[in-house]
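The structure appears below as structure tokens.
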Amino acid sequence: NYVTEGSFDAYMWQSVEYKAKLIAQILRGDLNRRSVEDVDAKVLSYSEIKAISSGDSRFLRRAELEGQIARLQSLKNQFNEKLAKTTRAATRTLPDRIQFYNAKIPLIKQDLADLSTYQDKRIYELGGTKYDLGDRAQKEAAAKALQKILLGRRLRYGDSLGTVNGLTLVVVPGQFTIQTAFTDITLSLNGHTSHADSSNARVINAKGALSFALRTINGIEDELHQAEMKLRADQTALKSVRDLIANSKFDKQEELDQLL
């Protein structure tokens with residue numbers, strides 16, 4: 001391969017080099033990199049064209065320096081953008097979640113303390129009548145009583161469908177027909193805080209509603225465990241992010257300063 005001094009040959013081969021580096025960067029599949037260098041940024045400036053055309057080494061040197069500065073400034077802008085995103089996580093997202101769990105966890109513990117007074121019993125109360133859901137006949141009677149309410153009126157957000165061990169069964173309506181008979185409802189079990197069995201909070205009848213309540217009560221201890229784990233994870237993440245921000249610096253800043 002031959003290159004003519006003072007021509008565009010060097011630039012053309014440089015462009016090929018940039019493209020090769022880009023392809024290699026993608027093929028390596030480096031998971032530590034979040035972006036690849038833009039080949040389109042490697043274009044001649046007017047200064048570089050003038051420098052190559054004139055053959056004057058001073059112009060060429062100046063053009064090279066201007067090109068280096070522009071590329072370093074672009075890298076610095078990318079660095080600042082990533083740092084700003086990380087800073088937002090440290091100042092808003094993570095602190096908000098930590099605040100949420102710090103408020104939620106004591107309320108879950110209070111509900112667990114209240115539930116402990118019932119021991120292993122599951123008592124459903126509707127309209128002043130109590131039903132022991134551990135007894136099959138009483139559970140059937142409770143389902144019939146609740147089913148009459150579900151079919152008898154249009155439900156609204158926040159409507160109560162009785163209590164289970166002191167926790168209120170609250171409904172968020174789904175779709176309803178013109179005859180006001182429901183097709184499905186979404187439920188929450190509320191005490192000091194709200195609880196929902198995330199796997200299936202939508203039910204189609206009274207038996208499903210009571211089953212939802214029992215599953216949710218049985219899962220509150222796990223809910224507490226999950227909340228505590230998420231809180232610790234967010235606290236650790238926040239510390240790591242703050243440390244990262246404190247120690248972050250553009251690694252080519254010194255090189256850029258020397259050129260400016």
Side-chain angles (χ1 to χ4, degrees), residues 89-135 138-139 141-150 152-174 176 182 184-239:
T91 57
R92 287 163 45 185
T93 307
L94 288 171
D96 285 349
R97 287 211 304 253
I98 290 171
Q99 183 179 11
F100 169 79
Y101 287 121
N102 275 328
K104 179 86 170 176
I105 288 171
L107 300 179
I108 299 175
K109 289 180 177 180
Q110 289 181 48
D111 283 341
L112 282 172
D114 293 343
L115 287 171
S116 68
T117 62
Y118 290 87
Q119 297 180 350
D120 294 331
K121 287 187 174 295
R122 297 292 182 262
I123 305 300
Y124 177 59
E125 184 172 353
L126 179 65
T129 302
K130 294 183 179 181
Y131 305 88
D132 184 352
L133 298 182
D135 181 276
Q138 289 191 46
K139 186 176 182 180
K144 288 181 180 179
L146 178 56
Q147 189 73 8
K148 288 181 181 179
I149 292 177
L150 295 179
R153 61 186 173 91
R154 183 182 292 274
L155 299 172
R156 292 188 175 87
Y157 174 79
D159 282 353
S160 170
L161 298 179
T163 64
V164 181
N165 285 17
L167 300 181
T168 303
L169 194 59
V170 178
V171 65
V172 177
F176 293 83
F182 70 95
D184 64 88
I185 54 177
T186 303
L187 299 172
S188 175
L189 200 60
N190 295 354
H192 294 284
T193 186
S194 61
H195 311 274
D197 174 29
S198 59
S199 62
N200 186 13
R202 300 178 73 86
V203 299
I204 61 172
N205 54 34
K207 287 185 178 180
L210 294 178
S211 295
F212 161 82
L214 294 176
R215 285 197 312 272
T216 302
I217 286 177
N218 292 336
I220 291 178
E221 284 191 6
D222 185 60
E223 179 188 357
L224 174 62
H225 176 65
Q226 292 295 325
E228 289 175 334
M229 282 202 311
K230 289 176 180 177
L231 174 60
R232 288 194 295 269
D234 283 344
Q235 289 172 332
T236 301
L238 180 59
K239 183 180 183 304

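Note that the structure is a prediction, hence the values are computed from the model and not measured.
Rounding to the nearest 0.5 Å places OG1 of Thr216 at 8.5 Å from CD of Glu223. The NZ atom of Lys139 lies 9.0 Å from the NZ atom of Lys207; values are rounded to the nearest 0.5 Å. To the nearest 0.5 angstrom, Leu150 atom CG is 5.5 Å from Gln147 atom CD.
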If you look only at distance, which donor and acceptor atoms sit under 3.5 Å apart when one is on a side chain in residues 159-170 and the other is two or more places apart or in another chain?
from   : atom 1 : to     : atom 2 : distance (Å)
Asp159 : OD2    : Arg153 : NH1    : 3.3
Asp159 : OD2    : Arg156 : N      : 2.7
Ser160 : OG     : Gly162 : N      : 3.3
Asn165 : OD1    : Ile123 : N      : 2.6
Asn165 : ND2    : Lys121 : O      : 2.9

Which pairs would a plain distance check flag for residues 98-116, meaning a side-chain donor or acceptor within less than 3.5 Å of a matching protein atom at least two apart in sequence or in another chain?
from   : atom 1 : to     : atom 2 : distance (Å)
Asn102 : ND2    : Ile98  : O      : 3.3
Lys104 : NZ     : Thr193 : OG1    : 2.9
Lys104 : NZ     : Ser194 : O      : 2.9
Gln110 : OE1    : His192 : ND1    : 3.3
Asp111 : OD1    : His192 : N      : 2.8
Asp111 : OD2    : His192 : N      : 3.2
Asp111 : OD2    : Thr193 : N      : 3.4
Asp111 : OD2    : His195 : NE2    : 2.7
Asp114 : OD2    : His192 : NE2    : 3.0
Ser116 : OG     : Ala113 : O      : 2.5

Acceptor/donor pairs from residues 229-239 side chains to any protein atom, 3.5 angstrom cut, sequence neighbours excluded:
from   : atom 1 : to     : atom 2 : distance (Å)
Asp234 : OD1    : Arg97  : NH2    : 2.9
Asp234 : OD2    : Arg97  : NE     : 3.0
Thr236 : OG1    : Arg232 : O      : 2.9
Lys239 : NZ     : Asp243 : OD2    : 3.2

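In terms of the side chain to side chain contact (heavy atoms under 4.5 Å, CB included) criterion, Lys148 has no residue partners (sequence neighbours excluded). Shown here are the side chain to side chain donor-acceptor pair (under 3.5 Å) partners of Asp132, two or more places apart in sequence or in another chain: there are none.
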